[in-house]
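Only this structure's heavy atoms are used, side chains among them; waters, hydrogens and symmetry mates stay out. In the text below, chain A, chain B and the rest are named by the order of the sequence lines, each starting its count at 1.
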Number of protein chains: 2
Amino acid sequence: MQGTEANAGSRRGRRNDPDRRDRIIDACLDVIAESGVAAASHRKVAEHAGVPLGSMTYYFDGIDDLLRQAFARFTATISERFEQRMASAHDPASALDAVVAIVRDDVFGSSRELVLTHELYTLAARERGYRRLTAEWMARSRAALERYFDPETARLLDALVEGLTLHRALDDEQSDSFDIAGAVARVIDHGDQNR
Amino acid sequence: MQGTEANAGSRRGRRNDPDRRDRIIDACLDVIAESGVAAASHRKVAEHAGVPLGSMTYYFDGIDDLLRQAFARFTATISERFEQRMASAHDPASALDAVVAIVRDDVFGSSRELVLTHELYTLAARERGYRRLTAEWMARSRAALERYFDPETARLLDALVEGLTLHRALDDEQSDSFDIAGAVARVIDHGDQNR
DNA sequence: GTGATATGCGTACACATGTACACACTCGTG
DNA sequence: CACGAGTGTGTACATGTGTACGCATATCAC
């Protein structure tokens with residue numbers, strides 16, 4: 001149905017020059033962040049990446065493939081960074097600090113990641129394929145949190161972070177003065193933070 | 001720049017038959033829920049609503065106008081329902097029950113509202129015009145919560161609900177067994193619930 | 001040098017889109 | 001009955017889209 005030839009995937013050229021592939025994926029994420037998934041056309045991405053249009057279908061099996069790979073890279077990058085930051089913590093208290101710092105950076109940092117995240121969420125809310133990506137992402141961040149908190153607290157923390165980020169993103173003013181650390185502490189204080 | 005004629009808005013016909021307008025908006029939301037904002041074209045919405053293509057530009061000033069009005073109706077509907085449910089509560093405890101019930105319904109109910117919400121969030125994350133909509137929406141739900149909880153708790157609750165909904169939407173399994181009531185209570189118990 | 005083979009790209013094509021605009025049609029007024 | 005203003009629609013057009021495919025170019029064995 002969707003592969004035009006049965007053996008196309010593995011035979012049609014070795015797909016050299018991974019640098020170029022990477023550049024295309026990066027450009028794709030840039031375009032999505034700037035103008036949305038809907039605007040991420042072969043032509044626009046190609047122009048942004050400085051590659052000819054023909055390269056698009058050469059390096060990727062259609063635009064769906066490109067989008068999927070772009071978001072896969074995005075979630076991988078974010079997850080890695082999250083795990084790195086969490087790994088530098090050595091007890092629940094410093095883990096909390098790390099969480100707060102991450103929220104801060106996601107919130108005050110460039111809106112690029114925020115927009116990309118929402119674009120992915122939207123795709124995931126409708127298509128199961130992308131939901132695999134978001135589910136894995138969430139699982140990884142929960143796992144990182146569970147090194148310092150019990151599972152229920154970890155889940156709650158994760159949800160809270162998500163919600164706070166959302167609120168900040170969708171409300172222009174208002175949230176500036178919000179005390180992130182206090183909110184997080186309030187969720188934690190109550191529970192029994194173990195291990 | 002974007003109005004073709006200066007007086008177009010108020011003069012070009014009285015735009016009768018509001019029923020038809022409404023039907024188009026409903027159809028638009030249906031299409032968005034089913035296939036996303038990107039797929040909500042004049043033609044598809046027209047077909048879905050059972051109106052000719054020409055009606056699209058007749059009743060709305062282009063597709064942006066249609067989308068904006070569709071989402072405006074969506075947020076208004078949701079907000080009203082939320083306020084109604086919250087109004088039926090008479091003390092913090094029953095208000096909590098109402099919140100839990102709403103989360104349940106949003107989570108287990110049809111995915112339509114969930115998908116629409118994400119589509120709107122995505123738009124809002126990138127365009128200020130839609131952010132006005134989401135900001136107002138959030139303000140209304142916070143105000144409803146503040147009838148029973150102090151502002152900080154209300155904000156936290158709101159964020160938590162948002163986060164939980166998100167998690168449930170983006171993770172196929174896993175969240176089934178999650179204890180919503182417990183999570184909400186945990187946020188509340190700690191704080192001083194006043195008024 | 002000479003051919004062969006894999007790599008990469010320019011281009012064309014069928015199709016979908018938003019929107020404008022000329023045309024029917026209705027209906028109330030004289 | 002005549003007619004004219006206003007309501008609503010069919011259609012055409014310019015533009016942008018994904019993708020296939022024929023052709024150029026580089027690389028390498030001999």
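Residue B/Arg21 has no polar side-chain atom (N or O) positioned under 4.0 Å from OP1 or OP2 of D/dG8. For the OP1/OP2 pair of C/dA20 and a distance below 4.0 Å, the side-chain nitrogens and oxygens of B/Thr57 include no atom meeting the criterion. B/Tyr58 has no side-chain polar atom (N or O) that falls below the 4.0 Å cut-off from OP1 or OP2 of C/dC21.
In this entry the distance linking OH of B/Tyr59 with C1' of D/dG8 reads 7 Å, nearest Å. Note: CE (A/Met56) to P (C/dC9) measures 10 Å, nearest angstrom. The separation between A/Phe60 atom CZ and C/dC9 atom P is 13 Å, rounded to whole Å. Atom P of nucleotide C/dA20 and atom CD1 of B/Ile63 are separated by 13 Å, given to the nearest angstrom. We find that CD1 of A/Ile24 is positioned 12 Å from C1' of C/dC9, with the value rounded to whole Å.
When the side chains of ILVMFWY residues are joined at heavy-atom separations under 4.5 Å, either directly or via intervening members, B/Val51 and B/Tyr58 end up in a single hydrophobic cluster. Linking ILVMFWY residues whenever their side-chain heavy atoms come closer than 4.5 Å, directly or via other members, leaves A/Phe71 and B/Val115 in distinct clusters.
Here the side chain of A/Arg131 pairs a donor or acceptor atom with the backbone of A/Ala124 at under 3.5 angstrom. The backbone N or O of A/Leu170 lies less than 3.5 Å from a partner atom in the side chain of B/Thr134, making a donor-acceptor pair.
Ring-plane geometry between B/Trp137 and B/Tyr121 is classed as tilted, the angle between the planes lying from 30 to 60 degrees on a 0 to 90 degree scale.
Between the axis at the start and the axis at the end of the helix from C/dG1-D/dC30 to C/dG30-D/dC1 there is an angle of 20°, using five pairs per end and rounding to 10 degrees.
Residues from residues 38-53 of chain B lying near DNA chain D, meaning a heavy-atom separation below 4.0 Å, are B/Arg43, B/Pro52, B/Leu53 in numerical order.
A donor atom on one side chain and an acceptor atom on the other are not found under 3.5 Å apart for A/Ser94 and A/Asp97.
Taking the side chain as every heavy atom from C-beta outward, A/Met86 and A/Arg147 never approach each other to under 4.5 Å.
For residues 66-84 of chain B, the set of pairs meeting the side chain to side chain donor-acceptor pair (under 3.5 Å) definition, not counting sequence neighbours, comprises B/Arg21-B/Gln69, B/Asp22-B/Arg73, B/Asp65-B/Gln69, B/Arg81-B/Glu113, B/Glu83-B/Arg140.
Electrostatic pairing of A/Glu34 and B/Arg126 does not count as a salt bridge here, judged by no charged N lying under 4.0 Å from a carboxylate O.
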